[in-house]
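Single-structure report; data block below.
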Amino acid sequence: MYSMMKQRAIGVLLLQETHLTAERQRDVTKMFKGRIKILFSEHPDAPTRREGVAIVLNKNQVDMRQVTHTEIIPGRAMQISLKGRGDDSINILCIYVPTPDGIEERRRFFQKLKHYYEHHPETPKPCIMAGDFNNVEEALDRLPVAEPDTLLSDLDALKLELGLMLVDGWRQTNPTERQYIFHRGSRAAAVCSRLDRIYVSRDTFSRSREWEIKTVGVKTDHSLVSVQVTMENAPTVEKGRPTFALHLLKDKTLAKLMKKTGCEAIAELNTLEANGTRSDTRNVQVILFNLKQTWLKAA
């Protein structure tokens, strides 16, 4: 798990059906030598057999000094708050929508979650809600095609209460694409669906990119849905100054070209200085820029 987070530069990983206990949490944390922090909420009656949600933080990516979390529905919903630069903060809700008692239980779950935020104004509303919803919102998200659950009105009511977009971010970015997260069975009995989704506020969506669904090298029957989100006041980072890899210094063909074009640029500069003429299209800066562009393309 940590290897995947490290390779993909994942700062916050949301997990469902974790079946974690405090003892297991300590063992896993110890296994990765403190490189991660695991916050979890266990099922109140059968923690090692049913449900459970967890949020794993990569200490190389997240400032751990100002992390807070709130258990909202034991084993099914918990929220984390992270601080960024200055007054920037981000609130993330991790949920697992129950399945044992069918649609009515899922309906009650959405209603209970909505009721919590209505009656706990001290808890900041999340700008990201993600997890395993155990349903689909569109026929496009299931194969074989089936009508969506009738409880979607309760899910929409929850999203409205939290100020989130009605459409999840991946579908907003890929309005006609078919891609599935959960796969069960094979051949004629195969069932595929996009159960795991990430909902964000409109402001957060404007600062989001790289919405992806990928298989991972971890034993699971779900694929990973991911997104890159920046803080509101995060500094703008451009591509930076281009550089040559050190091994190119030993490339004789490149060295020969650089010497030849460099001599031509020097000759052009000498001519420019001797004539005393300069224009917007022919000056020292343009000559140097063109020379560097020639070298970079050759490299």
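Just so you know, residue 1 is the first one in the sequence shown, and it goes up from there.
For the residue pair Ser223/Tyr180, the side-chain donor-acceptor check at 3.5 Å is not satisfied. There is no side-chain donor-acceptor pair under 3.5 Å between Thr99 and Asn134. Defined by atom type and a distance below 3.5 Å, a donor-acceptor pair is missing between the side-chain atoms of Arg8 and Asn58. Side-chain atoms of Tyr117 and Gln79 include a donor-acceptor pair closer than 3.5 Å. When only modelled atom types and interatomic distance are considered, Thr21 and Gln25 share no side-chain donor-acceptor pair under 3.5 Å.
With hydrogens and angles disregarded, no donor-acceptor distance shorter than 3.5 Å links the side chain of Ser193 to the backbone of Arg142. With hydrogens and angles disregarded, no donor-acceptor distance shorter than 3.5 Å links the side chain of Lys83 to the backbone of Asp88.
Atom CZ of Arg202 has 12 or fewer neighbouring heavy atoms from other residues, nucleotides or ligands inside a 6.0 Å radius. The local environment of CD in Glu23 is sparse, with at most 12 non-hydrogen atoms from other residues, nucleotides or ligands closer than 6.0 Å.
The distance from the CG atom of Asn174 to the CD atom of Glu212 is 10.0 Å, given to the nearest 0.5 Å. Here His43 contributes atom NE2 and Glu51 contributes atom CD; the two are 4.5 Å apart, rounded to the nearest 0.5 Å. Atoms SG and CD, on Cys263 and Glu268 in that order, are 13.0 Å from each other to the nearest 0.5 Å.
Counting heavy atoms from C-beta on, the side chains of Val12 and Ile10 never come closer than 4.5 Å. Residues Val97 and Asp132 are not in side-chain contact: their nearest non-hydrogen atoms beyond the backbone lie 4.5 Å or more apart. No side-chain heavy atom of Val191 sits less than 4.5 Å from a side-chain heavy atom of Leu143.
Looking at Arg106 and Asp154, no side-chain N of the basic residue comes within less than 4.0 Å of a carboxylate O on the acidic one, giving no salt bridge. Salt-bridge formation is detected for the pair Arg194/Asp168: a Lys NZ or Arg NE/NH1/NH2 atom is positioned less than 4.0 Å from an Asp or Glu carboxylate oxygen. Salt-bridge formation is not detected for the pair Glu17/Arg50: no Lys NZ or Arg NE/NH1/NH2 atom is positioned less than 4.0 Å from an Asp or Glu carboxylate oxygen.
The aromatic rings of Tyr199 and Phe133 sit perpendicular, their planes meeting at an angle over 60°, well past the 30° parallel limit.
Across every non-hydrogen atom of Glu177 and Trp170, the tightest pair is O-CH2, 3.9 Å.
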Checking Glu71 against Arg76 for the salt bridge (charged side-chain N to carboxylate O under 4.0 Å, His left out) test, could you report, in this order, the C-alpha distance in whole Å, the side-chain angles of both residues, the deciding distance, and whether it holds?
CA-CA 9 Å; Glu71 184 180 63; Arg76 295 179 177 179; over 6 Å; no

